[in-house]
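Atoms within a ligand are numbered from 1 in the order they appear, just like the ligands themselves.
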Amino acid sequence: MIIGAGMCGLYQLYKLLRNGADVTVLERGDDVGGTWYWNRYPGCRFDSESYTYGYSFSKELLAEWDWTEHFSPQPENLRYVNHVVDKFELRTHIQFGCNLTRAVWDDEHHIWTLELADGRTLTCRFLLTAIGLLSAPTMPRLTGMDSFRGPSFHTYHWPKAPVDLTGKRVAVIGTGATGVQLIGAIADKVGQLTVFQRRPNWCAPLHNAPISAAEMASIRADYAEIFRKCDNTPGGFIHGPDRRRVAEVPREERLAFWERLYATPGFAIWLGNFRDVLMDEAANAEFSAFVADKIRGRVKDPVLAEKLIPKDHGFGVQRVPMETRYYEAYNRPNVHLVSIGETPIERITPTGIRTSERDYEFDLIVYATGFDAVTGAFDGIDFVGTDGQRLRDNWRDGPLTYLGLQVVGFPNLFMLAGPQSASLSTNFPRGIETVVDWASGLFEHAVERGIRRIEPTAEAQAEWTAHVEELYQGLLLRKAKSWFTGYNSNVEGHDKIRYMIYNGGAPRYRQRLAEVAQQGYAGFRLG
Ligand code: NA7
């Protein structure tokens, strides 16, 4: 049984069907797509180059699918997922509207019993989760949220029916990757837009553009090289770090390099920068000053510009929101910024938002307040393992895993994009293709040998968890309050660092998985 019909679950379904497995996907939504099904807010799109995001497993699929933009928007992404599902006839193997609430392991018969919200009970031998890393949205804990008379929703729950923004007074709370996409997209479509910003982020221009037919033809001819490039970078993107250190490069040369990065589409500015920008305080400070000047150059009001420049963290230690006309939005007379660090929100009122300074009236309030990232989707399901132990209890202070794939005490539970795996720090489809291919190999191995129970050893789990923690130590991101470090002010107990992500890079992770398999699945107990 696979939980989740997003990019990851669908590829795992495809693989297992091809291997002749008896497999079903349970999906809580009423259609496929995961992230691209739920997130329908205006401006939602890839920050990955479209042609690096599509699946790489089928030459036929690559040959027939045209991307229309370098960074494809959500409706097209959802069409792509549906195209894949139809092409490979996956839909009949998916059950929709299935909300898994509890999964209990039976150590005598080696099966998982799954309880669904609709009262049904199902059983399976292997339980594979593809439940997303950003699929448990979190709302702020503000007084009066239910009292607001107009529509209000989290960006993850943006309605399917079109929302008419014309002439409306709109509030957006949150300026992460989501808020920044949304604000840039709606600033010229609403009446008044008021942005409630707690801490600014370092945003960089996406430089999206349409893909012409000729360009698509050349991309198509180049797919092998594109995927080879992605395979060789830590993040699974076409952008890999420049191995030089900032101080090694003469000042004029490095400024010219940074100008080029600022003008380059996509994550080049983050992932193609000098390596020590993300590791060394001085290098990071210098590059942050460069980007701060860019912001000052784009926002006309100097006081406002300063409010949009982060002061508590350097560039790239949190997820860099990619933007389109984001800073220019603040030059518009209908867009206003409220720094809630200075004037905190006191409550939501029936007609709007009250800060310590004044009352604001709105027709619509949008919460772009992020997610209980990575572990949130797991905490939402009551996983009960051997001897009645609960996953959410074991992970209270942070996840413990072997390879981000399995957990001691939860045999036959495989997390295909679990905490401490590389998928979370990788261009997602590139990361999950690695894991799904590997897991499919393990299942074949198990079936051939009549293996009915797979669980990691305690030593392997302790070693991996320590390794993941150690990899944080060389990176500046360890100090930042973001979902990379498991921080979320809206969730009880998530105000301390948790080691959520494998930061060793995709090639190293792939190498490790290959070695584990070659050594007869070292670190796993196969019984
Ligand atoms: P993020 O990146 O976690 O951003 C959430 C934003 O919401 C961020 O600006 C937060 O401010 C703000 N926030 C969160 N809670 C509150 C409260 N209670 N009051 C005011 N403001 C708040 O989530 P996104 O959805 O933007 O992006 C998630 C990922 O999706 C992204 O990394 C991409 O991979 C795709 P803070 O910075 O914490 O002060």
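In this structure, of G176, G370, A368, the residue bringing a heavy atom nearest to atom 7 (O) of ligand 1 is A368.
Looking at P140 next to ligand 1, no N or O pair under 3.5 Å apart turns up. Considering backbone and side-chain N/O of Y487, none are found under 3.5 Å from N/O of ligand 1. Considering backbone and side-chain N/O atoms, R198 comes within less than 3.5 Å of an N/O atom of ligand 1. For a threshold of 3.5 Å applied to N or O pairs, the pair formed by R141 and ligand 1 contains no separation below that value. An N or O contact shorter than 3.5 Å is missing between K481 and ligand 1 by distance. Considering backbone and side-chain atoms alike, R319 places an N or O below 3.5 Å from some N or O of ligand 1.
The closest protein non-hydrogen atom to atom 25 (O) of ligand 1 is T178 OG1, 2.6 Å. Regarding atom 37 (O) of ligand 1, its nearest protein heavy-atom neighbour is R199 NH2, 3.2 Å. The protein heavy-atom contact nearest to atom 32 (O) of ligand 1 is W483 NE1, 2.8 Å. For atom 9 (O) of ligand 1, the nearest non-hydrogen atom of the protein is T175 N, 2.9 Å.
Of the heavy atoms in N490, only side-chain atoms (C-beta onward) come closer than 4.0 Å to ligand 1. Heavy atoms of L134 found under 4.0 angstrom from ligand 1 belong exclusively to the side chain. Under 4.0 angstrom from ligand 1, there are no non-hydrogen atoms of I345. With a 4.0 Å heavy-atom cut-off, ligand 1 is reached by no atom of F196.
Looking at T426, its side chain does come within 3.5 Å of a backbone N or O of A422 through a donor-acceptor pair. Within the 3.5 Å criterion, the main-chain N or O of G370 finds a donor-acceptor partner in the side chain of T138.
Relative orientation of the H467 and Y502 rings is tilted, given thresholds of 30° and 60° on the angle between their planes. Aromatic ring orientation, W65 versus H83: tilted (interplanar angle from 30° to 60°).
In the model, D437 has a side-chain atom that pairs as donor or acceptor with a side-chain atom of Y11 under 3.5 Å. For K160 and Y37, the side-chain atoms include at least one donor-acceptor pair closer than 3.5 Å. Under the 3.5 Å distance criterion, with hydrogens and angles disregarded, no donor-acceptor pair is assigned to the side chains of S50 and E69.
Below 4.0 Å from some heavy atom of I173 lie the following atoms of ligand 1, by number and element: 20 (C), 21 (N). Near G174, with a cut-off below 4.0 Å to any heavy atom, the atoms of ligand 1 are 6 (C), 7 (O), 9 (O), 12 (C). Near I340, meaning under 4.0 Å from any of its heavy atoms, are these atoms of ligand 1: 20 (C).
Between I497 atom CD1 and D397 atom CG the span is 13.0 Å, to the nearest 0.5 Å.
Just one residue in the list L405, T401, I501 forms a side chain to side chain contact (heavy atoms under 4.5 Å, CB included) with Q420, and that residue is T401.
For the pair V291 and F315, the tightest heavy-atom approach, listed with the atom from each and the gap, is CG2-CD1, 4.0 Å. Smallest separation of non-hydrogen atoms from V435 and S423: CG2-OG, 3.8 Å.
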